[in-house]
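The structure under discussion appears below in the form of structure tokens.
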2 protein chains.
Amino acid sequence: MTDPALAFEAHDHRTCAGDVLTRAEAISGARLTPVRRRTLEILLESHRAMGAYEVLEKLADAGFGNQPPVAYRALDYLVDQGLAHRIRRLNAFAACMHPGEAHSPAFLICKSCAAVAEAPAAAIHAALGKAAADIGFTVERANVEALGLCPTCAETES
Amino acid sequence: MTDPALAFEAHDHRTCAGDVLTRAEAISGARLTPVRRRTLEILLESHRAMGAYEVLEKLADAGFGNQPPVAYRALDYLVDQGLAHRIRRLNAFAACMHPGEAHSPAFLICKSCAAVAEAPAAAIHAALGKAAADIGFTVERANVEALGLCPTCAETES
DNA sequence: ACTTGACATGTTATGCTATAACATACGATA
DNA sequence: TATCGTATGTTATAGCATAACATGTCAAGT
């Protein structure tokens, strides 16, 4: 699995984004149409989450439609396919950095630089499932989003 | 601590809501003004989360202002004081069922009856903190929201 | 009493987020 | 070639949230 901390570190982002895109193409095949592909590329330009309207603007710049459904449909598709994630706390979307690997990660959002990383969440889901089971509740899907400081910003601010 | 499963079971809701309101008054004192108190009462009418505009409507019925800021301000206050929680997944708010006890619970949202319960989340936060620390990330606040089936609905649907 | 400042509420206006509903196009396949 | 599923485009509107300003109230300090 890709190093989850990558989002917070200086790295060869071209390679990093390219890798993800290649894997996405393998997963999604022909259904990764131009709008959808471009949408994913837009999300992959940074490790930030991006609002639908921000994405829409960039899609329009690229010659696609400029009405909200254009962006929402592409984003919804990507989320469905596990190629992107929706960050509810931010009303925004972020590219999935390790598509294909089944996961429902915990999101770590840096309040300083706005970068978003995906942390492995197996232990978290186990704890959640147990807490829920104690009450008789069956968890189907869960989202875990944490706000805090990434290592780079923590260093800078101290 | 109050039984977290209460939200999903038939119970004497008058008493349950009354207790919470009494505790809220003790915590908030004079600053629990009429609008705020009424807002909390509205949230306490059910164990569901309620949108700001739904709350606003009921506030207007009670003779308070009927513009969005009226509801948002009261709700924000309650959230600040730990008397209510914001459920981001639903863009909605729910009364805190055990105010005073410091907590950042995990929310269990029944997809069938829409009831929301607060599960103890100490173990979840521990797991999250550890996963984050592995990446060098410092968690400040986190929200954990799970969608699934409550025990009552699970029984009904089977 | 008077002034000041903090807080609460009300109102106007607007911005941001999201989706319903309908129209058009294109390829696969029967 | 008729039809169906899928994708995209467009119009319109619904739903969520806040900025900015106006008014009122009460308590502290003078």
Side-chain angles (χ1 to χ4, degrees), chain A residues 24-25 27-43 48-81 83-94 109 114 116 143 145, chain B residues 24-25 27-43 48-81 83-94 109 114 116 143 145:
Chain A
E25 265 165 349
I27 290 165
S28 206
R31 297 188 60 209
L32 193 66
T33 58
V35 215
R36 291 167 176 172
R37 192 196 145 98
R38 184 78 197 105
T39 302
L40 183 53
E41 284 172 5
I42 288 167
L43 293 181
R48 285 187 310 110
M50 218 175 263
Y53 281 71
E54 194 179 348
V55 170
L56 177 58
E57 215 173 295
K58 289 174 190 265
L59 284 175
D61 289 349
F64 298 100
N66 67 345
Q67 299 304 316
V70 172
Y72 279 103
R73 280 196 290 235
L75 289 166
D76 287 348
Y77 171 84
L78 295 175
V79 170
D80 265 13
Q81 299 296 306
L83 300 176
H85 298 291
R86 184 170 204 150
I87 316 289
R88 307 205 94 102
R89 180 156 202 133
L90 305 175
N91 291 322
F93 301 81
I109 307 161
V116 175
N143 59 304
E145 299 171 3
Chain B
E25 266 165 348
I27 290 164
S28 206
R31 297 187 62 209
L32 192 65
T33 58
V35 214
R36 291 168 176 172
R37 191 196 147 98
R38 183 79 196 104
T39 301
L40 183 52
E41 284 173 4
I42 288 167
L43 293 182
R48 284 187 310 111
M50 216 175 264
Y53 279 69
E54 194 180 346
V55 169
L56 177 58
E57 214 173 294
K58 291 175 189 264
L59 283 174
D61 289 348
F64 297 102
N66 66 344
Q67 299 303 316
V70 171
Y72 279 103
R73 281 198 289 236
L75 289 166
D76 287 348
Y77 171 84
L78 295 175
V79 170
D80 266 12
Q81 299 295 304
L83 300 175
H85 298 292
R86 184 169 205 152
I87 314 290
R88 307 205 93 102
R89 183 155 199 132
L90 305 175
N91 291 322
F93 300 83
I109 307 161
V116 175
N143 57 304
E145 299 170 3

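Order of the sequence lines sets the chain letters (A, B, ...), proteins ahead of strands, with each chain counted from 1. Everything numeric here is computed off the predicted structure, so don't read it as measured data. When reading the values below, keep in mind they use all heavy atoms of this one structure, side chains included, and skip hydrogens, waters and symmetry mates.
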Rounded interatomic separation in angstrom, taking CG from L56(B) and C1' from dG15(D): 13 Å

Pairwise distance CG(L78(A)) to CG(L32(A)) - rounded to 0.5 angstrom: 7.0 Å

Can you confirm whether more than 12 heavy atoms, excluding those of E54(A), are under 6.0 Å from its CD atom? yes

I87(B) atom CD1 is separated from dC16(D) atom P, nearest whole Å, by 14 Å

Can you tell me how far C1' of dT9(C) sits from CZ of R36(B), to the nearest Å? 9 Å

Short heteroatom pairs, N/O only, protein and nucleotides 17-24 of chain D, under 3.5 Å:
unit_1  : atom_1 : unit_2 : atom_2 : d
dA17(D) : OP1    : R86(B) : NH2    : 3.0
dA17(D) : OP2    : Y72(B) : OH     : 3.1
dA17(D) : O5'    : Y72(B) : OH     : 3.4
dA17(D) : N7     : Y53(B) : OH     : 2.8
dA17(D) : N6     : Y53(B) : OH     : 3.2

Is R31(A) close enough to dT6(D) that one of its side-chain N or O atoms is under 4.0 Å from OP1 or OP2 there? no

Please state how far atom CD in E54(B) lies from atom C1' in dC16(D), giving the value in whole angstrom units. 13 Å

May I have the distance from L32(B) (atom CG) to dC7(C) (atom C1'), rounded to whole angstrom? 15 Å

Residue that, paired with F93(B), satisfies side chain to side chain contact (heavy atoms under 4.5 Å, CB included) out of V55(B), I87(B), V79(B): V79(B)

Output the rounded distance in Å from CZ (R89(B)) to P (dA18(C)). 13 Å

Once rounded to the nearest 0.5 Å, what's the spacing between atom CG of L56(B) and atom CD of Q67(B)? 7.5 Å

R38(A) atom CZ is separated from dT8(D) atom P, nearest whole Å, by 15 Å

Would you sort out whether R86(A) and D76(A) count as a side-chain contact (heavy atoms from CB on, under 4.5 Å), showing the intermediate values? CA-CA 9 Å; R86(A) 184 170 204 150; D76(A) 287 348; 4.2 Å; yes

Using atom CG of D80(A) as one end and atom C1' of dA7(D) as the other, report the distance to the nearest whole Å. 14 Å

Looking at E145(A) and R88(A), would you say the former's side chain and the latter's main chain have a donor-acceptor pair under 3.5 Å? yes

